[in-house]
Structure formats: C-alpha cells, structure tokens
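Here the structure is a predicted model, which means the values were calculated and not measured.
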Amino acid sequence: MNQKNTILGFLNHVFVIFGITVVCLIVFVALFGADAEGVSTIFGLGNQGITLATLVQYLFLSVLITALRMLFFTDKFIKKASIAVRTVGMFMTIIIAIAVFAGVFGWFPVHMWQAWLAFFVCFGISAGVSTAVSVIKERTDNERLQAALESFCEGEEA
C-alpha cells in the first residue's frame, strides 16, 4: 500500500516537520531566549521553554506545510509543472505563510530588516538541507529500484 497518499502518510509528514521545527526552537530558545524574551512571542518564557501557544502555532504551520507539499507534488492538482517549478512555488508559498504567521503571532518584529535577514538565512539553510536530503533519498531509492529491476530481468532470462 502506498503510504504517501494516506492519512498516516500525511500525519507522518506533519510530525516530522513539527519535530524538526521544535528541535530548532529548542536550540534557538536555549541560545537566544534570555535576550529575546520581550522581542518575540517565540521567546515568551525566555530561555526557560516554549509556550503552549507557540507549539500549537508551529503544529498548525506543520499541517499547512504538509498540505502545501501535497498540493504542489501530487499530479492530481498540478499536472504539467516541472519538479523545479513545483519546489519554487511551494517554498514561496511557505515563505508567505510564515510571514503571515510572524505578523499575526508576533514571532519576530516584522518591521526589522535584521529579523527578516535572520529568517531568510535560517529558511535558506533548512530548505537547502531538506532539498539535499530529498534528492539523496530519491537517488538512493532509484538506484535500489534499478538494481531490483535488473535482478528481476536477469531472473526472467534464466
């Protein structure tokens, strides 16, 4: 059964994204929480932890990102766009969603260019790493499938 198109596959992606973002939040809160306590709602508890409201917001964002991933990478919705166009479209939509969340929930001061620079640096690094991991995983899966196909074909010839 193809897990990619099931509710369990969807939830798997949601919780992977949520887990990674919470780990990043833990690191940021530990490093910058004491200094950023009054500047951002993310650091509402200083370096003592992450608020329940922030965790719920990040969970909702994880659901949204997973839904966008489904939208952009399922042939049911977008049929003729290349992977590159889909990836750029998805990342641009995610950036817009995060900007809306930042403004609505006070994640960072949207009027400060330094906050936007930090956001784009962090987003660029995480997007680059996730894209690299996806490419490596796809390449490994393709190599494994090719080896299985060759083994199958050799078995038919015998």
Value for CE (Met90) from CZ (Arg69), rounded to nearest 0.5 Å, stands at 7.5 Å
| Is there side-chain contact between Leu45 and Ile50, with heavy atoms separated by less than 4.5 Å? | no
Is there a path from Phe73 to Ile136 through hydrophobic residues (I, L, V, M, F, W, Y) whose side chains come within less than 4.5 Å of each other?
no
Pairs under 3.5 angstrom only: tabulate donor-acceptor contacts from the side chains of residues 93-107 to other protein residues two or more places apart or in another chain.
from	atom 1	to	atom 2	distance (Å)
Thr93	OG1	Gly89	O	2.7
Trp107	NE1	Gln57	OE1	2.7

Side-chain heavy-atom pair Tyr58, Ile42 within 4.5 angstrom cut-off: yes
CD1 of Ile17 to CG of Leu61, rounded to nearest 0.5 Å, is 8.5 Å
Residue pairs meeting side-chain hydrogen bond (donor to acceptor under 3.5 Å, both in side chains), one or both in residues 139-148, sequence neighbours left out, come to Lys137-Asp141, Asp141-Arg144, Gln146-Glu150
Residues passing the side-chain contact (heavy atoms from CB on, under 4.5 Å) test with Leu11, sequence neighbours excluded, are Ile7, Phe15
Under a side-chain separation threshold of 4.5 Å, the hydrophobic residues clustered together with Leu149 are none
Val121 meets the side-chain contact (heavy atoms from CB on, under 4.5 Å) criterion, sequence neighbours left out, with Leu117, Ile125
Side-chain heavy atoms nearer than 4.5 Å, only ILVMFWY residues, links allowed to pass through others: does that put Leu145 and Phe152 together? no
The side-chain contact (heavy atoms from CB on, under 4.5 Å) partners of Val14 (sequence neighbours excluded) come to Phe10, Leu59, Ser62, Val63, Thr66
Can you hop from Val110 to Phe119 via hydrophobic side chains spaced under 4.5 Å?
yes
Sorted by chain and number, sequence neighbours left out, ring-ring contact (aromatic ring centres under 6.0 Å, His included) with Phe91 holds for Phe123
Connected to Val16, directly or through other members, by ILVMFWY side-chain contacts below 4.5 Å are Ile20
Would you say Leu64 ends up clustered with Val56 if hydrophobic residues are merged whenever their side chains have heavy atoms under 4.5 Å apart, either directly or through other cluster members?
no
Here the side-chain hydrogen bond (donor to acceptor under 3.5 Å, both in side chains) pairs for residues 20-37, sequence neighbours left out, are none
*Verify same cluster id: Val23, Phe18 (apolar side-chain graph, 4.5 Å)*: no
On a heavy-atom basis, the closest approach of Pro109 and Ala115 is O-CB, 3.5 Å
Cluster membership besides Val39, Ile/Leu/Val/Met/Phe/Trp/Tyr side chains within less than 4.5 angstrom, sorted by chain and number, is none
So salt bridge (Lys or Arg N to Asp or Glu O under 4.0 Å) across residues 103-126, not counting sequence neighbours, yields none
Note: Thr51 and Thr41 closest approach over all heavy atoms is OG1-O, 4.4 Å
Residue pairs passing the side-chain hydrogen bond (donor to acceptor under 3.5 Å, both in side chains) test with at least one member in residues 80-90, sequence neighbours excluded, are Asp75-Arg86
